[in-house]
There are 2 protein chains.
Amino acid sequence: MVAQTRTSACSECPIRHRAVCAECGTDDLAVLEMAKSYKTYPAGTRLASEGQPLMHFSSFVAGAATMSRMLEDGRRQTVGLLMASDFIGRPGRAVSAYDVEALSEVTLCRFERRTFETLVKRTPAIAARMLTMTLDELDAARELAVILGRMTAREKVAAFLVSMVRRLALIDGAEVPTDEVTFKLPLSRDQIADHLGLTIETTSRQFTALRKEGLIDLPGGRSVRIPDFQRLTLETGEDDDGGPLD
Amino acid sequence: MVAQTRTSACSECPIRHRAVCAECGTDDLAVLEMAKSYKTYPAGTRLASEGQPLMHFSSFVAGAATMSRMLEDGRRQTVGLLMASDFIGRPGRAVSAYDVEALSEVTLCRFERRTFETLVKRTPAIAARMLTMTLDELDAARELAVILGRMTAREKVAAFLVSMVRRLALIDGAEVPTDEVTFKLPLSRDQIADHLGLTIETTSRQFTALRKEGLIDLPGGRSVRIPDFQRLTLETGEDDDGGPLD
DNA sequence: CGAGCGGTTGATAAGCTTCAAGAAGCGTGG
DNA sequence: CCACGCTTCTTGAAGCTTATCAACCGCTCG
């Protein structure tokens, strides 16, 4: 496993205003600066394994990963996509409950587990931010439950594309598009299938079906062009606009 | 909607050591005591509706409820079962993201939303407990995603019964049984189906199938007897024992 | 006693998976 | 630069699990 360690100022950090540190002032930040270490891992690295010790709490600075669980016989379900500002590790727990695999080169901002537990206890700004982020993750997990439990294959793929666009917009700090968008999927068909509780074949067929109906465009190389984003959201069976509820 | 309001000392409260107040000392508790109000609702009450204002943060003192989301055309997915010590409402959000319906008579310990937001901010013990509970909820939601995405109908029903037994044991403060257990389901077949992403017919057939194989016993009236709990857990396709990971 | 509700069972149909093969993209080396 | 091999993706045909439609049972309650 090739991994590089870098140091960089928190004030320059791309996730400064969205990660667990988002609500910290300069004084809190100085403490974090001392405790953190950046580390970069190549695509495909297993960042955590179910049942194995996980000795760091880490925030994603760049890159993406899947968080998944495997059943006895090899069936796999991805329960979350981790992207910039998301975290792995849980205060008060030394063992990972999921497998985490890097989809691309990933840079983590890491804290030794014990150290982070202390930081959460002593820094109200971190505790508050952790709570908000965890509540957001909870909403995302429940949204996934709705997708997995009640949507058709076609709706699942549409919902996946819609949520992908929304997340990428959030990371870019851009508005969620209303008409045309083009982006590159960080997941293979296989990985999308594991996320949607489908087989790779069904997933591929639904991509093809959406393409044939003009709802999406597949220029090649995992790129997706959505000519009319609003129209695609109608294919998910959900009526809300998915906007913030605060 | 018939609802009664009662007052009772926190020290006497059945969820004193598991709810958001669990980590509070007597001084914090005195503050909560001032702000809280108990309220009891009959079975069937809609405690919250998706998209509607939710002006209280409430903990379940007694009773059970489902938390669900409905798609445009009426398909419903239950994303969580709420039981003693669980909460509804989210600090910083005035609108419910889900429908919440009482399965039995429910007693809530309620705080006016604004008041609770202040309490979380000012009381580290509450903030810390909220985080732990939310992380637990997150694990439960992801576990549900695995069930919905990758399990067969038979495994789903088995997994549901197993998790039900574990939760009831937790609430009773009892050990998770290893052999024989009997309990009463708080949900109808319909509600179980909505929780497992199945139809009522398939759910019923799987109950029958498990009964015919001697894995469960159905004495009538929503009662379930499990002669060999360990054996039932093997039917879920999961290999772990679901025990605490801390 | 009959209506209504929750639950069970049966027959058929639909949607997704499985099995199988071929096409397209991508990196490597001649 | 292109050929080769490997991986990813797509497409087809058949089978199976679950959904749908429909009927019936048993219990409760007026």
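Within every chain, numbering begins at 1; the chains are lettered A, B, ... in the order of the sequence lines, protein sequences first and strands thereafter.
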Polar side chain donor-acceptor pair, B:T199 to B:T202, under 3.5 angstrom | yes
Report the distance from atom CG of B:L148 to atom C1' of D:dT18, rounded to the nearest whole Å.
-> 15 Å
Sugar-phosphate only, base, or nothing, as touched by B:T208 at under 4.0 Å among non-hydrogen atoms = sugar-phosphate
Donor-acceptor pair (no angle test) under 3.5 Å: A:E201 side chain, D:dC9 base = no
Is there a side-chain contact between A:L198 and A:F160 (heavy atoms, below 4.5 Å)?
-> no
First encountered from the 5' end of DNA chain D, between A:R150 and A:K212 = A:K212
Specify the separation, in whole Å, of atom CZ of A:R189 and atom P of D:dT8.
-> 12 Å
To the nearest Å, give me how far apart CD1 (A:I200) and C1' (D:dT7) are.
-> 10 Å
Between D:dT11 atom P and A:L210 atom CG, what is the distance in whole Å?
-> 13 Å
Row check, A:F57 ring normal vs A:R90 NZ/CZ: under 6.0 Å, within 45° | no
Give one of base, sugar-phosphate or nothing for A:S188, where a contact means two heavy atoms less than 4.0 Å apart.
-> sugar-phosphate
Distance-minimising heavy-atom pair for B:F87 and B:L82 = O-CD2, 3.9 Å
Nearest heavy-atom neighbours spanning A:A145 and B:Q77 = O-CG, 3.7 Å
When the rotation axes relating C1' atoms of four end pairs to the next four are compared across the helix from C:dC1-D:dG30 to C:dG30-D:dC1, five pairs an end, they differ to 10° by 30°
Whole-Å distance separating the CD atom of A:Q191 from the C1' atom of D:dT8 | 11 Å
Using atom CG of B:L198 as one end and atom C1' of D:dA19 as the other, report the distance to the nearest whole Å.
-> 10 Å
Drop me the distance from B:Y38's OH to B:L108's CG, to the nearest 0.5 angstrom.
-> 11.0 Å
A:L218 CG to D:dT10 P, in whole Å, measures 7 Å
Figure out the CD1/P separation between A:I192 and D:dT10, and round it to whole Å.
-> 9 Å
Tell me whether the guanidinium CZ or amine NZ of A:R142 lies under 6.0 angstrom from the six-membered ring centre of B:Y98 and within 45° of its axis.
-> yes
Determine, stepwise, if the pair B:T107 / B:T40 fulfils side chain to side chain donor-acceptor pair (under 3.5 Å).
-> CA-CA 4 Å; B:T107 299; B:T40 298; 3.0 Å; yes
What are the two closest non-hydrogen atoms of B:S223 and B:K184, and how far apart are they?
-> OG-CG, 3.7 Å
Boundaries of the DNA chain C segment in contact with chain B, non-hydrogen, under 4.0 Å = C:dG6 to C:dA11
Taking for each residue the nucleotide of DNA chain C with the nearest heavy atom, is it A:R205 or B:T202 whose nucleotide lies nearer the 5' end?
-> B:T202
For D:dC9, does OP1 or OP2 lie under 4.0 Å from any side-chain N or O of A:R222?
-> yes
